[in-house]
Amino acid sequence: MIDPIWNVIQQEKVRQQQTLQLIPSENYASKEVLAACGSILSNKYAEGYPGKRYYQGNIHIDEIEQLAIERAKKLFGAEHANVQPLSGAPANLAVFFALLQPGDKIMAMPLDHGGHLTHGSPANFSGKTYTIIPYRVDPETEQLDYQMIRTLALQEKPKLILSGFTAYPRKINFKIMHEIAEDVGAYSMADISHIAGLIVGGVHPSPFPFTDVVTTTTHKTLRGPRSAIIVSKQEDRLHGIYHKNSKKNLAQRIDSAVFPGLQGGPHQHTIAAKAIAFEEALRPEFKVYAQQVVNNAQVLAATLMEEGIKLVSNGTDTHLLLIDLLKTSFINKPGLGRIAAVALENAGIVCNANTIPFDPSTPFTPSGLRLGTPALTTRGMKEAEMKKIGVWISSILHDLGNEQLQKTICEQVKSLCEQFPIYDDLYL
Ligand SMILES: *Cc1c(COP(=O)(O)O)cnc(C)c1O
């Protein structure tokens with residue numbers, strides 16, 4: 001008998017094809033990337049690093065991991081790359097483990113302002129282990145206020161200053177963030193999970209060459225497999241200050257924190273898939289893709305604003321936009337994010353409820369919606385489709401309880417999706 005799981009995978013494939021994926025952290029990886037993820041490399045144990053393994057039989061594994069490392073360094077112009085982190089959250093924890101002692105101060109943005117769980121949420125290991133000094137966006141502009149961040153850093157003297165967010169629609173000035181870290185004797189860390197593809201594509205400033213350590217997932221705008229990497233400098237600017245007993249440089253400490261510090265055997269199938277995705281991102285077409293992602297987001301943002309919908313910071317510079325339902329005049333109530341996300345899903349438009357800065361509601365029933373264009377852009381959608389989608393979103397938000405309208409739009413969404421197949425055949 002065929003395992004029923006294959007039927008469910010088939011159904012999920014149809015869902016991905018027939019609906020609009022507007023979750024900004026999602027994308028469609030290439031067939032080559034997916035094939036590597038499903039390859040026989042999954043069978044191999046390779047604890048350690050290329051040339052220094054704890055198991056035999058790693059001649060080909062070493063070659064693959066070395067290629068992944070070289071390509072990651074080239075992609076970001078970085079001195080060092082560790083390609084073994086299993087995903088974004090463990091990559092961040094590995095950096096903290098490498099550079100900090102329990103109780104040390106991390107300056108970071110809280111979840112409700114656009115930070116990530118691993119940036120010090122009380123529910124996360126990071127928040128339970130380190131002392132978190134939160135910085136928030138400016139209440140007026142809803143953007144970073146670097147002067148405020150500098151003042152807070154001078155007051156608090158954190159050991160690490162973290163930037164890079166999950167729900168921030170504007171460009172980040174990594175250079176200023178690093179200068180602030182330098183001035184207060186802290187490490188600078190950038191978590192570019194959301195914007196890595198934009199950075200590689202040249203449409204967002206890079207955190208290199210100055211930032212000490214950069215983490216990124218590989219499955220978001222970067223369009224690789226579900227995983228992460230850590231790229232960094234070799235040397236520790238603050239060497240000896242925090243790890244008096246360690247003779248290792250920054251890069252070596254990060255490697256030790258990933259393995260044996262936190263992980264066991266690396267996922268070599270995913271490492272191969274990352275190497276393939278990095279090669280794809282090094283091609284000139286990827287720059288065109290990244291630019292189109294931003295163009296699409298800006299057209300979607302303009303369409304929504306013309307429809308009377310309020311966006312956090314009144315627009316976007318990136319792949320991401322955040323609808324503020326509380327300040328949208330025709331809604332003007334807190335806590336409707338989830339209801340709105342469900343209404344949109346009924347119409348085949350998949351996004352996620354999200355907190356907005358200074359949200360009076362709770363994280364489970366927040367007052368915002370987060371949308372992004374990376375996946376639709378991979379499908380080949382452009383400005384004309386964004387306008388159409390913006391108008392659909394607006395009509396659903398204007399009449400949240402109208403299930404007939406949701407059904408009608410769902411049919412229109414399906415026929416739009418048919419014109420933009422996610423893979424050129426129904427792969428897998
Ligand atoms: C997505 C994301 C992560 C976590 O990645 P996972 O792979 O889900 O663990 C960490 N930091 C930021 C900024 C992210 O956007």
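Predicted model only: the values in this text are computed from it and were never measured. One-based numbering, in listed order, for ligands and for the atoms of each.
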Judged by modelled atom types alone, do [X] and [Y] share a side-chain donor-acceptor pair under 3.5 Å?
| X | Y | value |
| --- | --- | --- |
| Asn92 | Thr118 | yes |
| Lys13 | Gln16 | no |
| Asp236 | Tyr187 | yes |
| Asp191 | His119 | yes |

Gap separating the CZ atom of Arg150 from the CE atom of Met177, nearest 0.5 angstrom
10.5 Å
Got the residues with a heavy atom under 4.0 Å of ligand 1, by chain and number?
Ser87, Gly88, Ala89, Asn92, His116, Phe165, Thr166, Asp191, Ser193, His194, Thr217, His219, Lys220
Indicate yes or no: at least one non-hydrogen side-chain atom of Phe76 is less than 4.5 angstrom from one of Val214.
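No, too far: nothing below the 4.5 Å cut-off.
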